[in-house]
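Input: a single structure, listed below in structure tokens.
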Protein chains: 2
Amino acid sequence: MDDQNKQNAEILALENFLPYRLNQAAEKVSQKFAQEYKKRYGLTRPEWRTFATIGQFGVITAREICNHSPMHKTKVSRAVFSLEKRRWVKRTQDPEDRRLEHLELTSVGQTAYKDMVNVARQFEKNFIDSIGGEDAKLLLTALNAIERRFEG
Amino acid sequence: MDDQNKQNAEILALENFLPYRLNQAAEKVSQKFAQEYKKRYGLTRPEWRTFATIGQFGVITAREICNHSPMHKTKVSRAVFSLEKRRWVKRTQDPEDRRLEHLELTSVGQTAYKDMVNVARQFEKNFIDSIGGEDAKLLLTALNAIERRFEG
DNA sequence: AATTAGTGGTTGCACATGTAACCATCCATT
DNA sequence: AATGGATGGTTACATGTGCAACCACTAATT
């Protein structure tokens, strides 16, 4: 394990490679947050995201969830199924177009959602505080740039 | 899908939630890069990372790979196996401690590594250019802050 | 009205992954 | 030397995931 004596142009230092660093940082944060809602509610990542999206929009279809927060449609399908099983989500068929299923939170789901929102806000706040407000602003600006870049 | 009329404190807008945004941005970038080396070499993500780490250090053990670029040890074990199968990596048992296996690139592996480094550097350059050098600097600063936060 | 193409959503299958248990070896204590 | 605990690495099993094929339905074309 001798990185030093090969510090030339032929070597790529992973810990300095920007895409890798971005990925690691994001993964660390996501894992920490996932740990929170897994412990509290036993939700998986796709379940949490599906849940959060339904909560955000009130009524929405699976397809729209895929579009809004990029996930494979089978992931959403399975997440909806499991959320339905725990009675946090209910579906109603569209009478106009019987392919569509409108998803919404049950009242139990809404209660859980409110709680979850608080947890999320708290987590975000802690995160921002822990890296420092200034750096958090820089992060936001950088994220704007990246998102802009991936629109086209 | 009516986000507008519920724009109050009770709702969490996923697309503004910092951990989510960070995760999405990182995932987009990683996917784009993964697409590159998958097409070129047919490597999976854990394989690429394992390969890159061995190339960086010259000689290294599986355990050390896990420590340097956080991956589950079974992932590394399997990645090493498949890299060995394609004759990019060879292992030699440590004579002092026969549990240890020292991993290094074969000469074929080294050739591929050099090529891969160029591809990676090019990708990073394109990425930085596409979001703009200024914003890339902000990103670096923010990443430093996040990494610092996750050391303790 | 019949045929075709497209869309929302689910499912079967193959493959990737994490957990736990495991094997071989080393190290510390006795 | 013998025993018990730790460590590097692999493997069996259960679970998660993506792809492709599918079903039910709608929309467009004839």
Side-chain angles (χ1 to χ4, degrees), chain A residues 1 23 27-28 30-32 34-35 37-39 41-51 53-54 57 59-86 89-104, chain B residues 1 23 27-28 30-32 34-35 37-39 41-51 53-54 57 59-86 89-104:
Chain A
M1 182 138 165
N23 192 34
E27 190 51 32
K28 287 256 172 62
S30 287
Q31 255 174 30
K32 190 125 204 296
Q35 184 182 316
Y37 58 68
K38 179 165 191 182
K39 193 171 64 175
Y41 316 110
L43 291 175
T44 67
R45 258 191 234 196
E47 279 163 16
W48 183 85
R49 269 170 61 166
T50 301
F51 178 54
T53 309
I54 299 175
F57 288 100
V59 181
I60 192 173
T61 68
R63 181 92 223 121
E64 288 168 327
I65 294 175
C66 291
N67 292 341
H68 183 255
S69 84
M71 277 188 285
H72 197 274
K73 60 180 185 165
T74 60
K75 246 185 197 169
V76 174
S77 174
R78 283 153 181 156
V80 167
F81 177 76
S82 94
L83 288 169
E84 202 186 8
K85 215 172 55 181
R86 77 160 73 192
V89 164
K90 61 172 180 267
R91 40 180 129 198
T92 48
Q93 239 191 18
D94 187 315
E96 312 275 300
D97 184 341
R98 302 216 308 283
R99 290 170 303 181
L100 299 183
E101 294 180 336
H102 299 289
L103 306 167
E104 60 187 321
Chain B
M1 183 141 164
N23 191 35
E27 191 50 33
K28 287 255 174 61
S30 288
Q31 255 175 27
K32 191 127 206 295
Q35 184 182 319
Y37 59 68
K38 179 164 192 184
K39 194 170 64 179
Y41 317 111
L43 291 176
T44 66
R45 257 191 235 196
E47 279 162 17
W48 183 86
R49 269 171 58 167
T50 301
F51 178 54
T53 308
I54 299 175
F57 289 100
V59 181
I60 191 173
T61 68
R63 181 93 222 121
E64 289 168 328
I65 294 175
C66 291
N67 292 340
H68 183 257
S69 86
M71 275 187 287
H72 197 272
K73 61 181 186 165
T74 61
K75 246 186 197 169
V76 174
S77 174
R78 283 154 181 155
V80 167
F81 177 76
S82 94
L83 289 169
E84 202 186 9
K85 215 171 55 181
R86 77 161 72 193
V89 164
K90 61 171 180 269
R91 42 179 128 197
T92 48
Q93 237 192 22
D94 187 316
E96 312 275 300
D97 184 340
R98 303 215 310 282
R99 289 170 304 180
L100 298 185
E101 294 182 336
H102 300 289
L103 306 167
E104 60 188 319

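No hydrogens, no waters, no symmetry mates; every other heavy atom, side chains included, goes into these values. Lettering follows sequence order; numbering is per chain, from 1.
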query = Quick one: which of D:dT10, D:dG8, D:dG18 gets closest to the side chain of B:Leu100?
reply = D:dG8

ask   = What integer distance in Å separates B:Met71:CE from C:dA16:C1'?
value = 14 Å

query = Counting any heavy atom closer than 4.0 Å, what does B:Arg45 reach on the DNA or RNA strands: base, sugar-phosphate only, or nothing?
reply = nothing

Criterion side-chain hydrogen bond (donor to acceptor under 3.5 Å, both in side chains) on B:Gln35 and B:Gln31, from CA distance to verdict = CA-CA 6 Å; B:Gln35 184 182 319; B:Gln31 255 175 27; over 6 Å; no

query = Within the structure shown, what part of the strands sits under 4.0 Å from B:Thr44 by heavy-atom distance: base, sugar-phosphate, or nothing?
reply = nothing

message = In whole Å, I'd like the distance from the CD atom of A:Glu27 to the P atom of C:dT17.
response = 12 Å

ask   = How many angstroms lie between atom CG of B:Leu103 and atom CD1 of B:Ile65, to the nearest 0.5 angstrom?
value = 5.0 Å

query = Salt-bridged, A:Glu47 to A:Lys85, with N to O below 4.0 Å?
reply = no

query = Starting at NE2 of A:His102 and ending at P of C:dG8, how long is that distance when rounded to a whole Å?
reply = 12 Å

remark   = Taking for A:Asp97 and for A:His72 the nucleotide of DNA chain D with the nearest heavy atom, the one nearer the 5' end belongs to A:His72

message = I want to confirm an ordering. Mapping B:Thr74 and A:Phe81 to their closest nucleotides on DNA chain C, which one lands closer to the 5' end?
response = A:Phe81

Whether B:Thr53 side chain and B:Arg49 backbone form a donor-acceptor pair below 3.5 Å = yes

remark   = Considering only heavy side-chain atoms of A:Arg99, the closest of D:dT11, D:dT10, C:dG6 is C:dG6

ask   = Quick one: are B:Arg86 and B:Leu43 in side-chain contact, heavy atoms under 4.5 Å?
value = yes

task = Would you classify A:Glu47 as touching base, sugar-phosphate or nothing, given that sugar-phosphate means primed atoms plus P, OP1 and OP2, and contacts are heavy atoms under 4.0 Å?
result = nothing

query = Under 4.0 angstrom, heavy atoms only, what part of the nucleic acid is B:Gln93 near: base, sugar-phosphate, or nothing?
reply = nothing

query = Rounded to whole angstrom units, what separation is found between the CD1 atom of B:Ile65 and the P atom of D:dT10?
reply = 10 Å

ask   = Which of parallel (below 30°), tilted (30 to 60°) and perpendicular (above 60°) describes B:Tyr37 and B:Trp48?
value = parallel

query = Atom CD1 of A:Ile60 and atom C1' of C:dG9: how far apart are they, to the nearest Å?
reply = 15 Å

inquiry  = Need one value for A:Lys75: base, sugar-phosphate or nothing, where a base atom within 4.0 Å counts as base even if backbone is also close, heavy atoms only.
reply    = sugar-phosphate

Gap between atoms CD and C1', on B:Glu96 and C:dT25 respectively (whole Å) = 14 Å

inquiry  = Strictly below 4.0 Å: does B:Ser77 bring a side-chain N or O up to OP1 or OP2 of D:dT10?
reply    = yes

query = B:Arg63 has a side chain; which of D:dG8, C:dG9, D:dA20 sits nearest to it?
reply = D:dG8

ask   = Between B:Arg78 and B:Lys73, which has a closest nucleotide on DNA chain D that is more 5'?
value = B:Lys73

remark   = Between CD of A:Glu64 and P of C:dT7 the distance, given in whole Å, is 15 Å

query = Which nucleotide, D:dC25, C:dA20, D:dG9, lies nearest any side-chain atom of A:Arg98?
reply = D:dC25

query = Please give, in whole Å, the distance from D:dT17 C1' to B:Gln31 CD?
reply = 13 Å

